[in-house]
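These notes are about the structure you will find just below.
Quick note: residue numbers are just sequence positions, from 1. Quick caveat: nothing in here was measured; it's all calculated off a predicted structure. As the structure lists them, so they are numbered: ligands from 1, and atoms in each ligand from 1.
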Amino acid sequence: MSDDRIDESQLEVHEPKDAAAGVTGVRVAMERSLSLMGPKRSAQTLLKLNQADGFDCMSCAWPDPAPKDRHTAEFCENGAKAVAWEGDTERATPDFFAQHSIADLEQHDDMWLERQGRLTHPMVKRSGGTHYEPISWDEAFREIAATLRSLPSPDMASFYTSGRASNEAAFLYQLFVRAYGTNNLPDCSNMCHESTSIALQESIGIGKASVTISDVYNAELIIIAGQNPGTNHPRMLSALEVAKRRGAKIIAINPLREAGLVNFRNPQKPRGVVGRGTDIADLHLPVKPNGDLALLQAIGSLIVEWDALDHDFIDAHTTGFQDWAEHVRQVDWAQVEQVTELTRDQITEAARLLAASKATVWCWAMGITQHRNAVATVKEIANLAFARGDLGKKGAGLFPVRGHSNVQGDRTMGIWERPPQKFLDSLQAEFGFDPPRHEGLDTVDTIRGLRDGKVEFFMGLGGNFVTASPDTDVTRDAMRRSRMTVHVATKLNRSHLTCGDVALLLPTLGRTEKDVQATGEQIITVEDSVCAVHASHGPLEPASPHLRSEVAIIAGIAAATLADTEGGADRHGIDWLSMKDDYDIIRDHISRVVAGCEDYNARCRKQGGFLLPHPPRDSRSFETESGRGEFEVSPIEVLHVPEGHLLLHTMRSHDQFNTTIYGTSDRYRGIEGGRHVVFMHREDVAAHGLRAGDFVDLHTRWEDDDVERCADRFRVVEYDVPRGTIGAYYPEANVLVPLDSTALKSNQPTYKSVVVWLTPSSPHTHGGADGGEQDSVRSDDTHKTHPQPTHLS
Ligand SMILES: Nc1nc2c(c(=O)[nH]1)N[C@H]1C(S)=C(S)[C@@H](COP(=O)(O)OP(=O)(O)OC[C@H]3O[C@@H](n4cnc5c(=O)[nH]c(N)nc54)[C@H](O)[C@@H]3O)O[C@H]1N2
Ligand SMILES: Nc1nc2c(c(=O)[nH]1)N[C@H]1C(S)=C(S)[C@@H](COP(=O)(O)OP(=O)(O)OC[C@H]3O[C@@H](n4cnc5c(=O)[nH]c(N)nc54)[C@H](O)[C@@H]3O)O[C@H]1N2
Ligand SMILES: [Mo]
């Protein structure tokens with residue numbers, strides 16, 4: 001630990017907040033924006049953010065209201081932070097890299113790395129080198145091509161995508177990767193909503209949300225499970241407020257009482273800024289982590305018992321109802337109460353609200369998808385929607401709320417290690433080559449491949465693979481074994497310092513910036529959580545004249561790699577350079593390859609864009625094996641937490657975007673000035689012989705490899721979490737998530753259920769900024785739950 005790590009000695013713990021947004025949110029957004037971008041750039045960007053003629057916010061995938069319903073300031077605090085982060089006026093230039101060796105940079109924390117500003121030049125770390133040094137774009141492309149061409153098999157290369165890439169970049173990337181010869185296209189979705197994609201594909205024939213934003217406005221009941229919208233999808237709160245005012249009821253299923261679900265002050269409305277907020281949730285079910293499957297089946301059993309069923313829908317559109325009904329009828333209430341830590345009364349109350357609602361929207365996110373039984377849980381949500389006929393009708397439907405702003409679009413464009421054969425057929429018809437037909441590697445399998453020497457080349461189109469992935473130490477060592485790592489990025493992060501023998505760092509334009517190519521200024525397109533596709537173009541001048549767009553970088557690498565001879569024509573006759581010069585040409589290909597994207601160039605330019613087809617939403621039809629919505633029976637698997645152990649779930653603070661740490665203020669949960677904290681029930685704190693403010697080490701051992709993983713020196717914070725469970729921040733806790741601990745069927749890491757045990761930190765573990773002598777200094781008022789505010793030092 002170096003002196004540059006966040007100085008956590010100033011950690012403060014306050015009473016958690018009930019209300020989200022409001023005045024403080026606006027103030028924080030403006031402060032961050034002005035300090036990073038200054039007044040001119042702040043005005044240039046924020047007024048164009050999420051406007052029909054502007055650019056799409058890169059913070060989350062929440063849908064935009066219809067153009068006529070948008071506010072002048074159609075963004076939230078965290079969207080403004082994301083824009084300020086990208087519009088930053090600091091620069092990480094070749095001089096910076098000459099001054100700092102890679103070993104030196106590694107001593108700094110992630111926040112410091114990104115705070116060095118936007119990358120300006122393509123850089124290379126050569127074999128045996130200690131520093132990144134400048135390289136020309138052409139030479140970078142040649143080096144990458146030479147390595148790719150020298151691999152014995154294209155399956156020895158893996159090409160990751162983070163969900164910020166535009167549809168155009170994503171389409172071109174998968175085209176290049178498949179023309180090169182592999183389906184190794186892992187993406188952040190493998191860690192995010194993969195369980196949803198797999199479950200919904202089997203249950204309803206399509207892995208996407210069946211609602212539009214107006215369904216949210218028109219719902220009678222909205223159930224929000226395993227999601228923290230106040231922080232991660234703040235604009236969702238405005239939509240919930242509209243629904244509430246029209247009479248909707250809201251149930252929050254979450255172990256934590258997250259601010260925003262409880263009370264919300266809309267910063268768009270004068271009333272919200274000064275007055276009282278709206279109570280969002282009518283019922284909060286503080287489910288024990290991983291208890292959702294049992295909870296949903298218990299609700300199902302009551303719906304069946306009361307015959308609160310939509311028999312017409314079930315008969316006309318589904319299969320498997322009888323088996324499911326039989327299964328849930330036999331639910332074991334004692335087991336349900338044990339697994340969920342909810343009472344039968346609480347569950348009955350939820351079932352009553354569901355039975356009374358003629359139109360229910362089901363929202364969920366990472367609290368549902370990042371568990372071993374996640375696929376079964378998502379299918380259980382679909383079961384309940386079938387039982388109530390809540391599909392393909394106004395005000396109702398399934399709404400997996402996506403994370404990254406274009407993660408859904410990237411999948412639509414073919415970023416998928418398990419591409420549907422139909423998609424490959426279209427690709428073949430359009431471009432005339434034989435795409436590989438065998439399954440590629442996902443995120444976890446890519447790490448295994450790197451570890452085992454089966455993957456020797458890694459490319460990341462955005463993202464921070466090493467830090468976002470599970471089992472940080474294993475992943476880092478695996479990455480270092482590779483021959484070449486290539487990162488396309490806007491800012492420096494830890495993955496860029498986790499180099500293969502040779503490493504390339506290629507700086508790219510962000511979504512806030514103008515993208516000018518040979519035929520003029522280009523637009524790009526994105527798809528939000530509700531299958532709406534629209535155009536985006538950035539207002540700012542690029543951070544450096546040397547930046548290239550993601551499309552241009554991919555085209556450059558593809559042209560160099562796929563040339564029949566060095567510098568020759570493409571071996572498949574694909575014209576990469578024309579596509580780079582004019583993104584309309586890419587979109588013409590998209591319109592012929594991707595189902596539902598016909599006439600793409602015209603439709604994406606319409607104000608507000610267009611909706612992609614969704615058979616259950618549009619016509620209550622299901623492209624499943626049976627041609628119907630499929631009820632599925634899932635046994636309840638009880639997660640056994642051995643005596644003396646706790647169940648850890650990892651989550652985001654209010655001051656980060658995934659691995660990008662903006663600051664250390666998790667305002668709504670009352671944490672200021674630090675991130676190495678563990679949220680723990682006060683009785684568990686006492687049972688461990690600990691006190692609030694103590695330092696603990698977290699340990700886990702995975703049965704199969706018997707390796708003990710350890711995360712050192714986390715501060716104990718007493719918090720209202722279910723007993724036997726603890727929470728900690730992502731990515732600090734990722735070191736504890738064993739690579740092999742993944743969800744059944746989706747292979748998604750179980751970031752929300754890791755069995756750990758705690759030990760008091762020894763005074764000597766790690767010195768440095770937050771180490772050593774602070775252990776002995778402890779103020780007595782740290783005993784209270786949520787002390788008002790307390791310096792834990
Ligand atoms: N500002 C900001 N916005 C973001 C992001 C960000 O980091 N910052 N990340 C983006 C991305 S990629 C994503 S995927 C989304 C993530 O959005 P969320 O899914 O909201 O993110 P998490 O912080 O992982 O929170 C999950 C919630 O699940 C709850 N939870 C934990 N375990 C369980 C459980 O077993 N059952 C239930 N029912 N709940 C549980 C936690 O208490 C927490 O409230 O946000 C996107 N938007
Ligand atoms: N423990 C734990 N781990 C998790 C999760 C969790 O809940 N708990 N959540 C998982 C989830 S849901 C996700 S989605 C993944 C996220 O995993 P990733 O998507 O890989 O990670 P990010 O932190 O979003 O990536 C940030 C980096 O992207 C780069 N970047 C930003 N904008 C751009 C751009 O416009 N273009 C390019 N090329 N690069 C850009 C910057 O260099 C920045 O450092 O993490 C997963 N990991
Ligand atoms: Mo995500």
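Heavy atoms of W85 approach ligand 2 to within less than 4.0 angstrom. Under a 4.0 Å heavy-atom criterion, R402 is not in contact with ligand 1.
Those atoms of ligand 1 that come under 4.0 Å of a heavy atom in N290, given as number and element, are 34 (C), 35 (O). Atoms of ligand 2 lying under 4.0 Å from any heavy atom of M366, numbered from 1 in the order shown and given with element: 12 (S). Near Y160, the atoms of ligand 2 lying under 4.0 angstrom from a non-hydrogen atom of the residue are 17 (O), 18 (P), 19 (O), 20 (O). Distances below 4.0 Å separate heavy atoms of T508 from the following atoms of ligand 2: 36 (N), 37 (C), 38 (N). Distances below 4.0 Å separate heavy atoms of C188 from the following atoms of ligand 2: 14 (S), 19 (O). Near G462, meaning under 4.0 Å from one of its heavy atoms, ligand 2 places the atoms 37 (C), 38 (N), 39 (N). Interface of E114 with ligand 2, defined as ligand atoms under 4.0 Å from a residue heavy atom, comprises 43 (C), 44 (O). Atom numbering of ligand 2 starts at 1 in the shown order; those under 4.0 Å from a heavy atom of Q370 are 5 (C), 6 (C), 7 (O), 9 (N), 10 (C), 12 (S). Within the listing of ligand 2, atoms 27 (C), 42 (O), 43 (C), 44 (O) sit less than 4.0 angstrom from a heavy atom of N493. Ligand-side atoms of ligand 1 in range of T231: 1 (N), 2 (C), 3 (N), range being under 4.0 angstrom from any heavy atom.
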Query raised in the report: Is there a side chain to side chain contact (heavy atoms under 4.5 Å, CB included) between W137 and I553 once you walk through the steps?
Result: CA-CA 9 Å; W137 280 106; I553 295 170; 3.6 Å; yes
Report task. Mind running side chain to side chain contact (heavy atoms under 4.5 Å, CB included) on R402 and T196 for me, showing each step along the way? Result -> CA-CA 10 Å; R402 303 276 158 180; T196 298; 4.1 Å; yes
Requested in this report: Please lay out, stage by stage, how R118 and E513 fare under the test salt bridge (charged side-chain N to carboxylate O under 4.0 Å, His left out).
Outcome: CA-CA 12 Å; R118 290 288 300 275; E513 288 161 317; 2.8 Å; yes
Report task. Could you give me the CA-CA distance, side-chain angles and deciding distance for E77 and R235, then say whether salt bridge (charged side-chain N to carboxylate O under 4.0 Å, His left out) is met? Result -> CA-CA 9 Å; E77 173 187 346; R235 288 192 305 141; over 6 Å; no
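Contacts with ligand 1 closer than 4.0 Å are made by heavy atoms of both the backbone and the side chain of N228. In H233, the part holding a heavy atom less than 4.0 Å from any atom of ligand 1 is the side chain. Using a 4.0 Å cut-off between heavy atoms, T659 contacts ligand 2 through both its backbone and its side chain. Residue contacts with ligand 1, taken as heavy atom pairs separated by less than 4.0 Å, involve K752 solely via side-chain atoms from C-beta onward. When heavy-atom distances to ligand 1 are checked against a 4.0 Å cut-off, N78 comes that close only through its side chain, counted from C-beta outward. Heavy atoms of C192 found under 4.0 angstrom from ligand 1 belong exclusively to the side chain. When non-hydrogen atoms are compared, ligand 1 lies under 4.0 Å from the side chain of V287 (C-beta onward) but not from its backbone. With a heavy-atom cut-off of 4.0 Å, H649 touches ligand 1 through its side chain alone.
In terms of polar-atom proximity, defined here as any N/O pair under 3.5 Å, T650 makes no such contact with ligand 1. Below 3.5 Å of separation, one finds an N or O of V488 facing an N or O of ligand 2. On a distance-only criterion, H496 and ligand 2 share no N/O pair closer than 3.5 Å. Residue R669 has no nitrogen or oxygen atom sitting less than 3.5 Å from a nitrogen or oxygen atom of ligand 1, judged on distance alone. Between G463 and ligand 2, at least one pair of N/O atoms sits closer than 3.5 Å. In terms of polar-atom proximity, K288 is not counted as a contact of ligand 1, lacking any N or O under 3.5 Å from an N or O of the ligand. The shortest N/O to N/O separation between A468 and ligand 2 falls below 3.5 Å. Note: an N/O pair closer than 3.5 Å links I253 and ligand 1 by distance alone.
Aromatic ring pairs are classed by plane angle as parallel below 30°, tilted from 30° to 60° and perpendicular above 60°; the pair F97 and Y132 is perpendicular. Using cut-offs of 30° and 60° for the angle between ring planes, the H654 and Y668 rings count as tilted. Ring-plane geometry between W112 and H108 is classed as parallel, the angle between the planes falling under 30 degrees on a 0 to 90 degree scale with a further cut at 60.
Nearest residue to atom 19 (O) of ligand 2 from S162, A728, G367 is S162 (criterion: closest heavy atom). In this comparison of R652, E732, H404, the heavy atom closest to atom 7 (O) of ligand 2 sits on R652. The residue from E258, K81, M651, E77 that puts a heavy atom closest to atom 43 (C) of ligand 1 is E258.
With S495 contributing its side chain and F465 its backbone, the two residues share a donor-acceptor pair below 3.5 Å. Under a 3.5 Å cut-off, the side chain of T700 and the backbone N or O of C710 do not form any donor-acceptor pair.
The nearest heavy-atom contact from the protein to atom 2 (C) of ligand 2 is Y751 CD2, 3.1 Å. What sits closest to atom 30 (N) of ligand 2 on the protein, heavy atoms only, is T490 OG1, 3.4 Å. The closest protein non-hydrogen atom to atom 1 (N) of ligand 2 is N734 OD1, 2.6 Å. Atom 36 (N) of ligand 2 has E550 OE2, 2.9 Å as its closest protein atom, hydrogens excluded (heavy atom only). Nearest protein neighbour of atom 10 (C) of ligand 2, counting heavy atoms only, is M191 O, 3.6 Å. Protein heavy atom closest to atom 21 (O) of ligand 2, with residue, atom name and distance, is N464 N, 3.6 Å. Among protein heavy atoms, atom 42 (O) of ligand 2 sits closest to K491 O, 2.8 Å. Protein heavy atom at the shortest distance from atom 15 (C) of ligand 2 is Y730 OH, 3.6 Å.
There is no side-chain donor-acceptor pair under 3.5 Å between Q522 and H537. No donor-acceptor contact under 3.5 angstrom links the side chains of Q116 and E90, judged on distance only. The closest side-chain donor-acceptor pair between S195 and T369, if any, does not fall under 3.5 angstrom. Residues T231 and E258 have side chains that never bring a donor and an acceptor to within less than 3.5 angstrom of each other.
A ring-ring contact (aromatic ring centres under 6.0 Å, His included) with F399 holds for exactly one of W364, W362, W62; it is W62. Just one residue in the list N78, N658, N228 forms a side chain to side chain donor-acceptor pair (under 3.5 Å) with R652, and that residue is N658.
Residues meeting the side-chain hydrogen bond (donor to acceptor under 3.5 Å, both in side chains) test with Q656, sequence neighbours left out: S653, R675.
In summary, the aromatic rings of F176 and F171 are positioned with their centroids too far apart to meet the 6.0 Å limit.
A cation-pi arrangement, defined by a distance under 6.0 Å to the six-membered ring centre and an angle within 45 degrees of its axis, is present between R164 and F657.
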